[in-house]
Amino acid sequence: MLKRIMLMIAAPILATFSGQSFAQEIFQETTGQYSTIELVERLPLVGQNKITIRSSETLRGFLSITTADKAEVSVNYFKKAKTPSRSRAVDYIDLIALSLEKTPGGARLELRAPNPAPWRKGEAGIVELELVVPDSSSVEIEAPYFDIEAIGPLKGFVVPSSLGRVDVSDVTGLLEVATTNQRVSVESISGAITVTATNATLAASNITCHEQQARFQNEGGDIRIDGCVGAIDVKNSYGRIDIDNFIPEGNSNYIRGQSEPIIVAISAMQNSRLVIANRYEDIEISVPETISASLSLSVEENGKIEATNFPFKAELVTQTRLNLVAGEGLSLIKGGVRGQGNIYVRGFSEND
């Protein structure tokens, strides 16, 4: 009888250890890097869907987010270790944990690892995830050493601070992203927009900001915006500003730079105001030849101002200032350069 009881106790214990062994089964992916097999977690969701993602600062990796017309969150992931030792890889992977659980407003995904990290210099604990969330979810991510790629539709996307690359598209509500030393790219965004980068390129395309001013800021890297309708506040230092297919709206459009050129191509403009200011570099503005706007342009003593290829009347011409009226002058464009730099305004035909 005692033997029978011991066997009954041993069976579930062995089953438990067997399951853990399978979950942590690892293989050598490349020289010096080991990985688990693909692991899966799923969580049903009902009601509001705010997805919060948190990672230990000792982990790095890649996070891919997509959406689906399903009332659940699913995660397919690999736990990896970069180390030349297989035995250390097993130990490191055992210390990495993932949890997915419900919260009052949606779900929380946490990636955990010891702090301080046990891996040695040149080694790393890595997680690669594919996360699928319900359509129109809001996502907030604190995973500083992860590269992130997100494709909506999402109604909110927030990355307060990242040292990884961030690419996001199709967000219709709040967008807040800040990166350092890595490229950030946003596409097909509408709503409340704030994107900040440092020492890397900031790229944006197909931006709509009718209700609130979109803010783009960089230092030490270029800002490139292709396709924007609405009000913007763009600020850069020691990086180029290049804005194409821009339709300014309202009176709160500001573009400010320093030590690199500012190039702005305006597709259309009606009853709006745009201010462009640069220091120690040129401003180049392209406007439709049919534009209706007053232009107030100024440079310092060694600078020059040129306006070509569109009809206008000059109201003020001095060595450092040029005021023009094109059409009925319904909109206002102000441009100014402090220090060395020139201003060029060129018209183009809308049929070109």
Using side-chain heavy atoms (C-beta onward) and a distance below 4.5 Å, is [X] in contact with [Y]?
X	Y	answer
Val234	Asn236	no
Ile266	Pro248	yes
Pro144	Ser161	no
Ile207	Val186	yes
Arg86	Ile26	yes
Thr320	Ser298	no
Thr83	Tyr92	yes
Phe146	Ile141	no

Criterion side chain to side chain contact (heavy atoms under 4.5 Å, CB included) against Phe216, the qualifying member of Ile193, Thr194, Val184, Thr196: Ile193
Hey, is [atom1] on [X] packed in by over 12 heavy atoms from elsewhere, all under 6.0 Å?
X	atom1	result
Glu29	CD	yes
Gln270	CD	no
Glu38	CD	yes
Glu57	CD	no
Asn115	CG	yes

Side-chain heavy atoms nearer than 4.5 Å, only ILVMFWY residues, links allowed to pass through others: does that put [X] and [Y] together?
X	Y	value
Leu59	Ile126	no
Leu43	Leu39	yes
Ile291	Val275	no
Tyr145	Val158	no
Leu175	Val229	no

Tell me every residue that passes side chain to side chain contact (heavy atoms under 4.5 Å, CB included) with Ala268, counting only those two or more places apart in sequence or in another chain. Ile247
So salt bridge (charged side-chain N to carboxylate O under 4.0 Å, His left out) across residues 280-303, not counting sequence neighbours, yields Glu284-Arg346
Return each pair, listed once, that meets salt bridge (charged side-chain N to carboxylate O under 4.0 Å, His left out) where at least one residue sits in residues 321-345; pairs must be two or more places apart or across chains. none
How long is the straight-line distance from [atom2] of [Y] back to [atom1] of [X], given to the nearest 0.5 Å?
X	Y	atom1	atom2	value
Phe78	Leu129	CZ	CG	10.0 Å
Phe246	Leu274	CZ	CG	5.5 Å
Tyr238	Glu260	OH	CD	10.5 Å
Ser296	Leu332	OG	CG	7.0 Å
Asp170	Thr172	CG	OG1	7.0 Å
Leu109	Ser99	CG	OG	7.0 Å

With distance as the sole test, does [X] use its side chain to make a donor-acceptor pair with the main-chain N or O of [Y] at under 3.5 Å?
X	Y	result
Ser252	Ala231	no
Thr103	Arg108	no
Ser136	Leu154	no
Asn49	Gly106	no
Asp147	Arg165	yes
Asn218	Ala200	yes
Asn342	Lys304	yes
Ser331	Asn271	yes
Asp222	Gly239	no
Ser272	Met269	no

Which pair of heavy atoms, one from Ser85 and one from Ser87, lies closest together, and at what distance? OG-OG, 3.0 Å
Nearest heavy-atom neighbours spanning Thr67 and Pro153: OG1-CD, 3.3 Å
Could you check whether Arg54 pairs with Glu140 (Lys NZ or Arg NE/NH1/NH2 to Asp/Glu carboxylate O, under 4.0 Å)? yes
So, are Asp233 and Arg256 salt-bridged, with charged N and O less than 4.0 Å apart? yes
